[in-house]
Amino acid sequence: MVGRQLTPLRRAFYDRPVLDVALDLLGAVVWHDEVAVRLTEVEAYAGAADPASHAYRGQTARNRVMFGPPGHAYVYFTYGMHFCMNLVCGPPALASAVLLRAGEVVAGSDVAAGRRSGAAARDLARGPARLCQALDIDRRLDGEDVTVPGGLVVAAAAEPVAANRVRRGPRVGISQAADRPWRLWIDGDPSVSAYRAHVPRRRRTSGEAKSLGGH
DNA sequence: TTCGAGATCGGCT
DNA sequence: GCCGATCTCGAAG
């Protein structure tokens with residue numbers, strides 16, 4: 001049982017600059033409801049100072065957890081069907097957080113596969129929404145303290161990821177400040193999600209359909 | 001293998 | 001109303 005003996009990271013661990021926390025989360029293990037995921041890819045969001053962050057425009061009902069104490073989960077709903085999970089870090093006023101983008105299922109893979117309708121092992125938690133699905137994370141866990149045993153827990157890496165295996169690059173799927181290299185991943189790990197630059201969604205409108213047809 | 005578009009709904013302007 | 005820190009499937013190369 002990989003996850004049972006894991007000790008949650010102390011809350012003080014998260015009360016540091018967001019990039020430091022993101023780096024230490026590589027290789028850390030997220031445990032929830034019989035499934036454990038070893039993180040292989042994360043993204044840093046510098047809260048109120050970051051145009052790409054949900055906290056950039058100030059506190060709202062949705063992002064209030066980001067403005068609270070570090071060590072708590074910020075879970076939000078997006079695209080009408082997906083959940084994504086962040087870990088709040090740093091002083092509350094900064095509202096910075098780390099998005100958990102992908103990982104490798106290290107315990108409860110049968111349970112995770114059931115939730116992911118039999119996806120391939122490497123795909124079980126590859127991508128932020130898939131990771132939440134594999135771990136059965138949704139809005140119920142928004143605001144959950146991950147630094148205490150029970151429920152949703154994040155534990156330190158069994159052994160630190162070698163510095164020469166950590167890679168940095170642009171963040172994924174955002175249109176603002178997309179050039180900041182605040183996406184961190186473990187080089188060569190098969191569970192790292194494929195990089196896709198932000199592409200504005202195309203939307204069918206009557207005017208567009210008309211111009212496509214004739215003009 | 002790569003690309004494009006649909007699904008679907010809550011938050012914010 | 002508009003658009004998103006996404007995923008999946010089908011079509012084309």
Side-chain angles (χ1 to χ4, degrees), chain A residues 18-19 21-22 25-26 30 37 39-67 72-90 94-103 105 112-143 168-185 190-209 211-213:
Chain A
V18 63
L19 273 175
V21 176
L25 283 173
L26 288 178
V30 183
V37 170
L39 298 175
T40 58
E41 182 184 357
V42 298
E43 270 176 11
Y45 286 85
D50 184 352
S53 170
H54 285 178
Y56 183 61
R57 298 178 196 284
Q59 183 173 345
T60 67
R62 176 173 66 153
N63 66 21
R64 64 186 168 75
V65 173
M66 295 181 82
F67 290 82
H72 289 243
Y74 164 50
V75 180
Y76 68 90
F77 181 69
T78 191
Y79 288 101
M81 65 197 86
H82 296 304
F83 292 98
C84 295
M85 173 183 171
N86 298 251
L87 292 175
V88 179
C89 59
L94 296 184
S96 58
V98 177
L99 171 68
L100 310 187
R101 283 202 58 86
V105 174
R115 293 169 181 159
R116 293 270 300 114
S117 59
R122 67 160 56 176
D123 292 335
L124 285 177
R126 184 164 72 153
R130 294 164 169 179
L131 182 145
C132 284
Q133 195 177 352
L135 285 166
D136 191 28
I137 286 170
D138 59 25
R139 219 191 328 259
R140 294 169 304 169
L141 295 166
D142 187 35
R168 288 178 63 161
R171 294 178 291 187
V172 176
I174 59 173
S175 54
Q176 300 296 312
D179 55 318
R180 297 190 188 185
W182 288 353
R183 169 180 173 246
L184 306 179
W185 69 96
S191 65
V192 171
S193 66
Y195 172 69
R196 295 175 110 159
H198 173 76
V199 180
R201 289 184 59 208
R202 295 195 52 179
R203 189 167 296 278
R204 287 192 59 172
T205 65
S206 56
E208 181 182 8
S211 65
L212 283 175

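The analysis underlying the following values was restricted to heavy atoms, covering all of them including side chains, and did not include hydrogens, waters or symmetry mates. Note on naming: letters A, B, ... go to the chains in the order of the sequence lines (proteins, then strands), and numbering restarts at 1 for each one.
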Strand contacts (DNA chain B) in residues 119-141 of chain A, 4.0 angstrom heavy-atom criterion: none

Atom pair CE (A:Met85) and CG (A:Leu100), whose distance is rounded to the nearest 0.5 Å: 5.0 Å

Distance, rounded to the nearest Å, where A:Arg171 contributes CZ and C:dT6 contributes C1': 17 Å

Atom-pair distance (CD on A:Gln176; P on B:dT13), nearest Å: 13 Å

From A:Asn86 atom CG to A:Leu99 atom CG, the distance as rounded to the nearest 0.5 Å: 5.0 Å

Pairing annotation in dot-bracket form, given for DNA chain B with Watson-Crick or G-U pairs under 3.5 Å and | for cross-strand partners: |||||||.||||.

Spacing between A:His82 atom NE2 and B:dG10 atom P, to the nearest angstrom: 14 Å

Integer-rounded Å distance: C:dA5 C1' and A:Arg180 CZ: 14 Å

Salt bridge (Lys or Arg N to Asp or Glu O under 4.0 Å) involving A:Arg126 - partner list, sequence neighbours excluded: A:Asp123

Face-on cation placement of A:Arg139 at A:Phe77 ring, 6.0 Å and 45° thresholds: yes

Nucleic acid contacts of residues 45-66 of chain A, taken as heavy-atom distances under 4.0 Å to DNA chain B: A:Arg57, A:Thr60, A:Arg62

Pairing of A:Arg171 and A:Glu43 as salt bridge, 4.0 angstrom limit: no

Nucleotide C:dC7, atom P - distance to CZ of A:Arg116 in whole Å: 8 Å

A:Arg183 CZ - C:dT6 P separation (whole Å): 11 Å

Partner set under ring pair (Phe, Tyr, Trp, His ring centres under 6.0 Å) for A:Tyr76, not counting sequence neighbours: A:His54, A:Tyr74

side-chain hydrogen bond (donor to acceptor under 3.5 Å, both in side chains) pairs, two or more places apart, involving residues 173-184 of chain A: A:Glu41-A:Arg183

Whole-Å distance separating the CE atom of A:Met81 from the P atom of B:dG6: 13 Å

Separation between CG of A:Asp142 and CZ of A:Arg140, rounded to the nearest 0.5 Å: 12.0 Å

Under 3.5 Å donor-acceptor pair, A:Tyr79 side-chain atoms to B:dA7 base atoms: no

Length of the line joining A:Glu43:CD and C:dA5:P, which is rounded to integer Å: 10 Å

